[in-house]
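In what follows, a single structure is set out as structure tokens and then discussed.
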Amino acid sequence: MERFDYRRMSFYQIWIRSFADGNGDGIGDLYGVYDKLDYIASLGVDGIWFSPIYPSPNADYGYDISDYRNIHPDYGTLEQFRKVLDRAHELGLRVIMDLVINHTSDEHPWFLESRKSRTGPYSDYYIWRDPKWKGESRLPPNNWYSQFEGLAWEYCPEREQYYLHVFAKKQPDLNMDNPKVREEVKGIMRFWLDMGVDGFREDVITFISKHPQLPDGLPFVPAINGMPFYKDGPNLMAYLREFRAVAREYGAVQIGEAPMTPLKTAMTYLTGEDRVLDMMIQFDTMMADCFMTEYIHLPFSLPKLKRAFSKWQLALSGKGWNALYLENHDHPRVISRYGSEEYWRESGTMLAAAYLFQQGTPFIYQGQEIGMTNIRLGSIEEYQDVATINTYHSFRRHQSEEKRLRHVHIASRDSARTPVQWDDSEYAGFSSVKPWFAVNPNYREINVSREEGDEQSILNFYRRCLRLRKGSETLLWGDYREYFPLHRGIYLYERSYRGERILVVCSFSKKEQDWQLPKGYAWEGSQVLLCNYPGEPKPGKLRPYETQVLRW
Ligand code: GLC
Ligand code: CA
């Protein structure tokens, strides 16, 4: 039984450490969140997704959990969380938590026990394997690399075995084939659902079932060579069904993160009465300027972006439901990638219209709604993210420091993890003391307070978009169709429902462009619902990064 219709909703993502500092120690927290709940509600969103707020040694900023049933002391207490949850509900905001169960922290009590011996009650909670021996040399069980930090295996002298970590060393992978581990997961889900939480965003959930033999991957592919053997694995559906049963009891929503899952496989998770996920975070739309990862940068390609959009729109139409996003805590800021910092306001608003009016549930990442852009720090020492730092030290070592740093500027997740810019006071109104991480120096121009007072701001444009979407049956349920897919400067899509048609036209160019209505349309009888330039738009003309939403 669903207790709410997530399809009508949109979500705001909080990465708490950089959201708002309520107690003056330079770190974002639940006191800050509480104070900003009215602001979040004022955007017109219907829910919040919290990136992890649990106790964590922060090897991967919360994605390495050492206690699943508590709040990190940096962020507050369970009591403060309940206050946030209750107030959010009063404001009509649903709250979903991040469920990170592919791995724990190596400081989680389960792991501390597990590493002690091969026979204890927790010995089989993680993926342990004997070494391979080549004469006298001890080698890891296979040749997999981790995604964040060297090889995927770490030796543990107490057990004389290796444990698997697909991500950082401090993130050992759980052994989901152990039924006791799955019971733990269900217990964690119930703990938060009993408290009143409305669902979960499920971290790399498609990685939890490993190939039983853990075979070698390709030797020359770094970072992801084991992926074919841990992604979309043999028991994944069975395990997801078990978790689904718990979510169903509560009518909770489940959004699964699924890097590199092909469409055909995704359909098995997302469609049919017995689907195991309500929505999926696919990565195709994050690859319009790179190959696989932002670190392999390519020039931005609008046709590639449009292909990714349309692929998911068409495939799930009438069968499943899309999660729509352009930013989160794992990717650089979208204006700096797909838009233009030069045409900051224009491209920031255009990008909003490019995705918010597709069919699906939109997710907006903190700071996206004011058009925050990438930070460019002066040295690698100033970066915090484990993936950024290790990538910097492992690749392109023959290149100059300047060049390598430029890559970091383009690709780092830290580009999107700087403190939210609330106003133009010192530290951008995020905190009264020096924040844990650098504030983007552009905070005097880009901040909430300034944009509140400007009708044309990115912030107010997001508000208009969300209002329009929620009030329009056509934008909620209508069919999606794309026109001129090969056009290199314009994205044009249609939503149609019960005789009403809405066209969304988006310019991805710094130049003025002409455009034509598709066949079967005429300018007469059209109504402008939205435009990101003041005044009436000119038929058939697009200014730099202009977007228009037109109705027939
Ligand atoms: C997901 C998270 C990311 C994290 C990784 C490992 O991709 O979104 O932030 O580093 O999983 O937990
Ligand atoms: Ca704080």
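Numbering of residues begins at 1 and proceeds along the displayed sequence. Atoms within each ligand, like the ligands themselves, are counted from 1 in listed order.
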Pair Gln13-Tyr325, side-chain donor/acceptor within less than 3.5 Å
no
Using the side chain to side chain donor-acceptor pair (under 3.5 Å) rule, pick out the option among Asp203, Asn102, Asp98 that qualifies with Tyr63.
Asp98
Gln421-Asn442 side chain donor-acceptor pair, cut-off 3.5 Å:
yes
Taking the six-membered ring for Trp, are Tyr54 and Trp192 ring centroids under 6.0 Å apart?
yes
Using modelled atom types and a 3.5 Å cut-off, is there a donor and acceptor pairing between side-chain atoms of Glu202 and backbone atoms of Ile255?
no
Chain-and-number sorted residues having a heavy-atom contact under 4.0 Å with ligand 1 are Asp60, Tyr63, His103, Phe148, Phe167, Gln171, Arg201, Asp203, Val204, Glu257, His329, Asp330, Arg413, Arg417
Can Asn447 and Tyr443 be counted as having a side-chain donor-acceptor contact under 3.5 angstrom?
no
Sub-3.0 Å protein N, O or S atoms surrounding the Ca ion (ligand 2):
Asp21 OD1, Asn23 OD1, Asp25 OD1, Ile27 O, Asp29 OD2
Report yes if the distance between the aromatic ring centroids of Trp422 and Phe19 is under 6.0 Å, otherwise no.
yes
Apply the side chain to side chain donor-acceptor pair (under 3.5 Å) test between Thr104 and each candidate in Tyr126, Trp110, Tyr68; give the one that qualifies.
Tyr126
Tyr31 ring center within less than 6.0 Å of Tyr34 ring center
no
